[in-house]
Amino acid sequence: MTEGVKEIFRPRENGNGGGSGVAPPAPAALAAKVRTLAPSMTRSMQRVAEAVAGDPAGCAALTVTGLAKLTGTSEATVVRTARLLGYPGYRDLRLALAGLAAQQQSGRAPTITTDISVDDPIADVVAKLAHDEQQTLADTAAGLDTAQLGAAVSALAGARRTDVYGIGASGLVAQDLTQKLLRIGLIAHAHSDPHLAVTNAVQLRAGDVAIAITHSGATEDVIEPLRAAFERGATTVAVTGRPGSSVTRYADHVLTTSTSRESELRPAAMSSRTSQLLVVDCLFVGVAQRTYEAAAPALAASYEALAHRHRSSPR
């Protein structure tokens with residue numbers, strides 16, 4: 001990123017990243033945080049993250065030296081991993097691990113694996129997918145920053161206009177959000193064509209909102225219009241599974257999604273869409289609450305306008 005580009009950036013105040021002002025995640029959110037951040041970690045940090053997520057009770061009993069030895073890494077790597085996960089230091093991570101272990105012991109561990117084989121019976125496929133969807137939603141809810149969500153809701157509720165960018169499966173989610181906003185009387189547009197996205201983004205200004213939906217956080221066709229909107233003063237929101245990715249450079253508010261492991265028969269687009277739809281629903285309900293006096297009549301009017309299409313035809 002050139003210095004010229006940096007100069008036109010407005011300071012981000014979304015509170016993402018480390019720092020003493022950010023509360024560490026609760027034990028219940030630790031496993032979700034590991035699943036979300038692991039793909040963006042170095043391999044040595046992944047080993048530490050996988051160890052603490054896989055055996056929280058065992059790792060809680062280890063010193064920083066012991067965990068470094070167990071994972072074949074260094075003490076510095078263990079501390080860096082703890083901080084990346086949102087803890088001030090390893091001691092705080094150990095406390096969270098102990099809490100997570102206690103929670104797991106009080107409940108029943110899942111007996112279903114989400115690995116789907118080509119010869120699995122259809123009943124097993126249903127069970128595995130249902131379990132995986134539930135885990136994805138739980139992880140997303142546990143890791144969602146409600147302060148960031150609230151700020152995004154406030155911006156949307158008062159926006160002159162909202163543009164939403166998404167490609168592929170994320171484009172379907174973008175359409176879902178805009179449809180919801182339109183039904184409560186707000187002006188919203190979904191853009192999956194990168195050229196149209198940019199040409200519309202350059203028309204945005206302060207008081208408008210631009211939302212980028214990208215699981216990888218690296219989709220250039222989504223980043224480019226968000227950057228254009230950011231530079232023109234619009235409030236920008238990134239919905240992504242990679243909180244440290246490129247798209248967040250141009251986001252005032254970052255909403256992190258979680259996904260299950262990708263497999264040959266269940267690509268990332270499927271699981272990422274599940275978590276993105278949860279975030280979209282949270283945004284919509286929040287906006288509807290803030291604008292209830294106008295939203296309720298608009299919803300009633302849209303329902304009434306379509307009601308005749310859903311009535312059974314007389315025989």
Side-chain angles (χ1 to χ4, degrees), residues 1 12 14-101 103-104 113-115 132 135-136 138-145 148 214-219 238-249 251 254-263 268 271-272 275:
M1 191 164 40
R12 280 179 46 196
N14 58 16
N16 290 286
S20 58
V22 180
L30 174 58
K33 194 115 182 181
V34 168
R35 280 187 283 267
T36 298
L37 295 178
S40 61
M41 294 178 178
T42 64
R43 184 65 195 112
S44 57
M45 293 175 74
Q46 284 179 352
R47 290 201 296 272
V48 176
E50 290 166 359
V52 299
D55 184 14
C59 291
L62 297 174
T63 64
V64 63
T65 304
L67 183 55
K69 183 176 180 180
L70 174 70
T71 57
T73 61
S74 65
E75 294 180 11
T77 297
V78 172
V79 173
R80 283 198 299 271
T81 305
R83 289 176 177 169
L84 182 61
L85 292 173
Y87 300 92
Y90 180 62
R91 177 179 176 277
D92 303 275
L93 175 60
R94 285 184 71 183
L95 291 173
L97 290 173
L100 179 59
Q103 290 178 2
Q104 290 179 342
T113 173
T114 57
D115 290 328
D132 192 53
Q135 187 65 63
T136 297
D139 285 355
T140 298
L144 194 59
D145 187 327
Q148 291 291 296
T214 164
H215 169 63
S216 69
T219 306
V239 179
T240 180
R242 303 287 182 265
S245 59
S246 300
V247 74
T248 61
R249 298 176 186 173
V254 178
L255 304 177
T256 305
T257 59
S258 179
T259 64
S260 62
R261 289 177 299 153
E262 181 177 0
S263 67
S271 54
S272 64
S275 53

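- The side chain to side chain contact (heavy atoms under 4.5 Å, CB included) test with Thr81 is passed by exactly one of Thr71, Leu93, Thr42, Val48: Val48.
- Atom OG1 of Thr63 sits about 6.5 Å away from atom CZ of Arg94, to the nearest 0.5 Å.
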With a cut-off of 3.5 Å and sequence neighbours excluded, list every side-chain donor-acceptor pair involving residues 49-57.
| from | atom 1 | to | atom 2 | distance (Å) |
| --- | --- | --- | --- | --- |
| Asp55 | OD1 | Gly58 | N | 3.0 |

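- Taking every heavy atom of both residues into account, Thr140 and Ser258 meet most closely at OG1-N, 3.1 Å.
- We find the CG-CG distance between Asp92 and Leu97 to be 11.0 Å, quoted to the nearest 0.5 Å.
- Arg80 and Thr77 form a side-chain donor-acceptor contact under 3.5 Å, judged by distance and modelled atom types alone.
- A side chain to side chain contact (heavy atoms under 4.5 Å, CB included) with Ser245 is found for exactly one of Val254, Thr214, Thr240, namely Thr240.
- Distance check: Gln135 CD to Ser275 OG gives 12.0 Å after rounding to the nearest 0.5 Å.
- The NE2 atom of His215 lies 6.5 Å from the OG1 atom of Thr257; values are rounded to the nearest 0.5 Å.
- Put simply, the side chain of Arg83 gets close to the backbone of Pro88: a donor and an acceptor are under 3.5 Å apart.
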Item to check | Trace of the side chain to side chain contact (heavy atoms under 4.5 Å, CB included) decision for Asp145 with Thr256 | outcome: CA-CA 8 Å; Asp145 187 327; Thr256 305; over 6 Å; no
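- Atom-to-atom distance recorded for Tyr90:OH and Thr65:OG1 is 9.0 Å, nearest 0.5 angstrom.
- The shortest heavy-atom contact between Ala98 and Ala60 is N-CB, 3.8 Å.
- Within the 4.5 Å cutoff, side-chain heavy atoms of Thr73 are placed close to those of Val78.
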